[in-house]
Amino acid sequence: MEYNFEAIEKKWQEYWAEHQNFKANENSDKPKYYVLDMFPYPSGAGLHVGHPLGYIASDIVARYKRLKGFNVLHPMGYDSFGLPAEQYAIQTGQHPAITTETNIARYREQLDRLGFSFDWDREIRTSDPSYFKWTQWIFIQLFNAWYSNDVKKARPIQDLIDIFELDGNVMVDATCDEDTPSFTAAEWKTFDEKQQEDILLKYRLAYLSESVVNWCPALGTVLANDEVKDGLSERGGHPVEQRSMMQWSMRITAYADRLLTGLDTIDWSDSLKEIQRNWIGKSKGASVFFNVANSDHQIEVFTTRPDTIYGVSFMVLAPDHELVEQITTSDRKEAVEAYQEQTAKKSERERMADAKTISGEFTGAYVVHPFTQEQIPVWIGDYVLSGYGTGAIMAVPAGDQRDWNFANHFDLPIPNIFENHDVSEGPLEDKTGVLTNSDFMNGLKAKKAISKAIDAIYQKSIGSATTNFKLRDAVFGRQRYWGEPIPIYYENGIPKPIKDEHLPLELPEVDKYLPTEDGEPPLARADKWNYHPEKGIVANGEGFPIETTTMPGWAGSSWYYLRYQDAKNTEAFVEADKTNYWGAVDLYMGGAEHATGHLLYVRFWTKFLHDMDLIPVDEPAKKLINQGMIQGQSKLVYRINGTNEFVTASKRVDYDTTAIHVDVNFVNGDSMDIERFKNWRSEYNNATFIFEDDGTYQCGTEVEKMSKRWYNVVNPDDICASHGADALRLHEMFLGPIELHKPWNTKGIDGVSKFLRKLWRLFFNEAGEFEVSDDEPTKAEYKALHKCIQKVEDEFDRFVFNTSVSHFMICVNELTELNCNKRNILEQLTVLVSCHAPHISEELWKRLGNDKSVTTAVFPEFKEAYLIENEYTYPVSFNGKVRFKLTLPADASKEDVESAVMSNEQATKWLDGKEPKKVIVVPKRIVNIVL
RNA sequence: GCCCGGGUGGCGGAACUGGUAGACGCGCUGGAUUCAAAAUCCAGUUCUUUCGGGAGUGCGGGUUCGAUUCCCGCCCCGGGUACCA
């Protein structure tokens, strides 16, 4: 009987669904193992062969861990709020929920064909009210919390109110807005509710504030920093501008330090940790206040090099710095305002484009240097950003390239502060310079001088050691329809959370999914979008208005891993017992493109929920693997310009041609099916061709992202139909290391198909009947198997999936060679292979007479004894080059080997009467003789 | 610019803590089987060679009996980030 993957795969997929083989439960005395994939956004395009790469790898791990006796949680769901469904709704009027539903059905169908061992009982969808009820609930917990820097934890807002009533906020060390005023307990008590709430808002972890945001006019919404790339929106590539708006934000900056130190406790790739470290951007230094001459104002600067303070020859403020207006002298006013206006008009993109143009304006003001008492001019310049540090710098042109350029351009002095350094050549930016002209720091290098400088600054009460972060608070509101409504209503302008019993706050019906004529978000179109604390949602006119922005795409994904642990709970986002059992994700599989978005936010929410004693873990995922992208191999034909004639790849240099993408499905290897091409589009019906000398038309190849646009999409359904899911799974793993980007290559799949057929044939006799023998396997058969077990087990434990396919192949080839049909051997082999190729394994397993699924089997035990050799062949080298080989008993001692080598004929020849200087014998490895 | 990765046959890629470089697969070449094709099987496949060998893991040095692996200096590719003070 031949291997019929079609029938086998269908049969076992149905069997698994029916028997619920992958259902996880918490009542187990086995150790737990949680394998999670980043859940997909169900787009209308469906899956291509690149998408399942990570799912296949994580499925191998899930299956392996089950065989190893773990209680495995391996769930799947959908990140189903998102822009495409909304855009489609705007165009067609169809509710995004319907589009989403259709797309999910298609995704599920495609996923099911690949034989994944997901526990579908725990499926979640972020757009499902039973799910986002808890996203909203967590938002309210964030709203009702503040961050104490004393205990380095989030705490309930009520604690803060208690402190305010007792002592005011003078003693409170919290992460809060910069403009928070200080007040005493007595003052607090005189504030009315609105004033008190305004202050509390400056402390809440989910807060509303007037802030500068990335506004994308084309998308009609604000974007988070990680959604903006080079001044353009990541999605769609539309221009983004800076705009000041009332916005909901998340105080992620409170967690900056813990997000940084937490990285040391988790097993994520170096590059990913590095990306997060850069994004958080911690820099240590000092903040220093400079008094403005003849005024009460002070300018605070942040510097990482306080040791260079004697090199300060001017100050630069960001053009939109709040002090600019107050310190500018009347004669400079006009020029300064013109400059401010000019920079404000520039979009972020424009500013970055001419980053090399130096511009600025003198304010007319001076500050007094705290050590030298010299008068230092104050400038404004757009190379200083208001969003970083204090928005003001002390310029040290001798020690900083940008300051040097600025000084050079405006002819400002460049005082030297380094020994043996010529400031006319450029600045000395590294920390190797020895200071001079720096009073108490003369003769010191940066490291010692910095701490001395900070001491001196502190002594003078003009500043202190400070740490600065690049990380900004995260914008948490979208002017869009298809997202979680923010569960806040406004009672007389005071934001208050919707009561728990009125959650979920579901999306209202609207007539259109566009913003209103007044530029309000689409939710403002709803007739029934007011809230009454007793009655819940009421019609407009009653109660209080509800917030009309919705949550950003990353809200639902910031805690979904917890929901899988208790997906159906209606009383809590997750039951304590269950999350205590499952804890953190043991293996998280997903793309590296989420490094500064999702993977930061999910760590943030995890730490917050941990602080609130709601979950036991402080980090969401212990181990993270970033699977690479499978790229498409686009195929190109070359049209001779101005004609309808196409020239084959090798001859195109002789003509003036334009490359045109052609559907990869018409191309086998590089040769194109001419007829299918002609029928593809009417314009090609009459195309003529210049062929290769062998009469074929060869296409060119370009590796690029798999996309409809390039006609290079390969659908997994097609591969399942032609080669089977097991072959597809094996092939994707065999393509190379999981982390690497690699181009898809359909041709190579023949190799793994061949392997599957060979494996199948091991179980069948020449007449084609299933036949295995109960005889005791031979030593050689055991050896072939145990070599494979040893390698594969080691690889699985290291999360390496490509070479294990090689080892399966080697094992099957050896057993075929040995004509092995021993039950004992084949049964264990079946279990080994079942992680990669579950369908064929299940079929063979059942044919071997097992009642239960192969997923309940036990991973074979590796026995070294089968691998021990009687003999070992030593390569013998002279001066590092292998000259001959010598076979000796495996248990030969070092001395035995040595004497055998020395008495060998070949060796005598090489030694030629000389005494060797040294003889090196590495047991079971090599012999090296040095002359 | 800075910070992370990485450079191995025609191709994807192996090589554990320094120990016979190129496993395994694709492709290619030759052969067997076949009326023929598919499928299958066998042999070969880093380069070079006067068939003894010689060279070889981006380039140049170093440590070592021995280096793809460790160290120093370059070059190139990929990713991240960027007036971040």
Side-chain angles (χ1 to χ4, degrees), chain A residues 2 229-230 269-279 281-283 285 301-306 308 316 318 351-352 354-358 381-385 387-396 399-403 405-406 429 468-471 592-593 595-596 626 628 669 730-731 734-737 739-755 757-758 761 790-791 794-795 798 800 802-810 813 816 873-885 916-931:
Chain A
E2 271 303 297
K229 292 258 140 71
D230 302 327
S269 76
D270 288 342
S271 75
L272 201 126
K273 286 184 180 184
E274 203 55 36
I275 293 170
Q276 291 210 342
R277 279 192 197 107
N278 287 339
W279 190 261
K282 180 176 184 170
S283 43
V301 301
F302 172 72
T303 176
T304 55
R305 296 292 303 275
T308 62
V316 187
R351 231 204 39 241
M352 290 200 308
D354 51 52
K356 285 178 191 81
T357 327
I358 297 162
D382 67 358
Y383 82 96
V384 177
L385 306 172
Y388 183 76
T390 61
I393 60 154
M394 56 175 223
V396 183
D400 184 280
Q401 187 70 54
R402 292 152 306 162
D403 297 346
N405 294 346
F406 195 85
E429 293 198 287
N468 220 318
F469 292 93
K470 227 155 64 175
L471 184 71
E593 66 274 18
T596 55
N626 292 124
L730 282 161
H731 181 56
F734 192 54
L735 235 34
E739 299 92 344
L740 246 54
H741 295 310
K742 54 226 152 192
W744 173 260
N745 167 11
T746 302
K747 274 212 145 176
I749 202 169
D750 290 344
V752 293
S753 291
K754 225 179 267 181
F755 156 73
R757 283 195 295 270
K758 282 186 186 172
R761 252 181 266 130
Q790 184 190 31
K791 295 277 188 191
D794 174 57
E795 283 155 359
R798 289 186 294 127
V800 171
N802 54 334
T803 45
S804 45
V805 181
S806 303
H807 292 118
F808 295 149
M809 289 176 174
I810 294 167
N813 282 341
T816 306
T873 302
Y874 287 87
V876 182
S877 62
F878 283 80
N879 288 341
K881 287 256 146 64
V882 175
R883 311 291 172 169
F884 65 93
K885 288 170 188 177
K917 255 195 227 151
K918 221 193 243 179
V919 179
I920 297 148
V921 178
V922 182
K924 288 295 189 89
R925 281 291 157 96
I926 195 162
V927 181
N928 196 349
I929 299 170
V930 188
L931 295 180

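Lettering follows sequence order; numbering is per chain, from 1.
- Residues forming a ring pair (Phe, Tyr, Trp, His ring centres under 6.0 Å) with A:Tyr383 (at least two apart in sequence, or on another chain): A:Phe406.
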- Message: Across nucleotides 25-34 of chain B, 5' to 3', mark each nucleotide with B, S or - according to how protein heavy atoms within less than 4.0 Å reach it.
- Response: SS--------
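- With a 4.5 Å cut-off on side-chain heavy atoms, A:Val805 and A:Met809 count as touching.
- Projected onto RNA chain B by closest heavy-atom contact, A:Ile393 and A:Pro743 fall at different nucleotides, the more 5' of which corresponds to A:Pro743.
- B:rG9 takes the syn form, because its glycosidic angle lies no more than 90° either side of 0.
- At distances below 3.5 Å, not a single donor-acceptor pair connects side-chain atoms of A:Gln401 with backbone N or O atoms of A:Glu429.
- For A:Leu385, the side-chain atoms get nearest to B:rA85 when compared with the rest of B:rU20, B:rA85, B:rC4.
- Across all strands shown, B:rU46 forms a Watson-Crick or G-U wobble pair with B:rA55, both key distances being under 3.5 Å.
- Whole-Å rounding puts the A:Lys470 NZ to B:rC84 P distance at 9 Å.
- A donor-acceptor contact shorter than 3.5 Å is absent between the side chain of A:Asn468 and the backbone of A:Ser283.
- Here B:rG25 is in the anti range [glycosidic angle more than 90° from 0].
- Between A:Arg305 and B:rA85, a side-chain N or O to OP1/OP2 separation shorter than 4.0 Å is absent.
- Residue A:Val384 comes nearest to A:Ala318 through the heavy atom pair O-CB, 3.4 Å, listed as atom of the first residue, atom of the second, then distance.
- Under 4.0 angstrom from either OP1 or OP2 of B:rG80 there lies no side-chain N or O belonging to A:Arg277.
- Nucleotide B:rG19 forms a pair with B:rC65, judged by Watson-Crick or G-U wobble geometry with both contacts under 3.5 Å.
- The nearest pair of heavy atoms linking A:Asp403 to A:Met394 is OD2-O, 4.0 Å.
- The pairing partner recorded for B:rG10 is B:rC26, the criterion being a Watson-Crick or G-U wobble arrangement whose two distances lie under 3.5 angstrom.
- Of all nucleotides listed (B:rU40, B:rC3, B:rC83), B:rC3 comes nearest to the side chain of A:Glu274.
- A 3.5 Å limit on both hydrogen-bonding distances identifies B:rC72 as the Watson-Crick or G-U partner of B:rG60.
- Within the structure, every side-chain polar atom (N or O) of A:Asn468 is placed at least 4.0 Å from both OP1 and OP2 of B:rA85.
- Minimum atom distance to the side chain of A:Asn802 is reached by B:rA14, of the listed B:rA85, B:rG19, B:rA14.
- Applying the Watson-Crick and G-U wobble criteria (two distances, each under 3.5 Å), B:rU33 pairs with nothing in any strand.
- No side-chain donor-acceptor contact under 3.5 Å links A:Thr803 to the backbone of A:Ser806.
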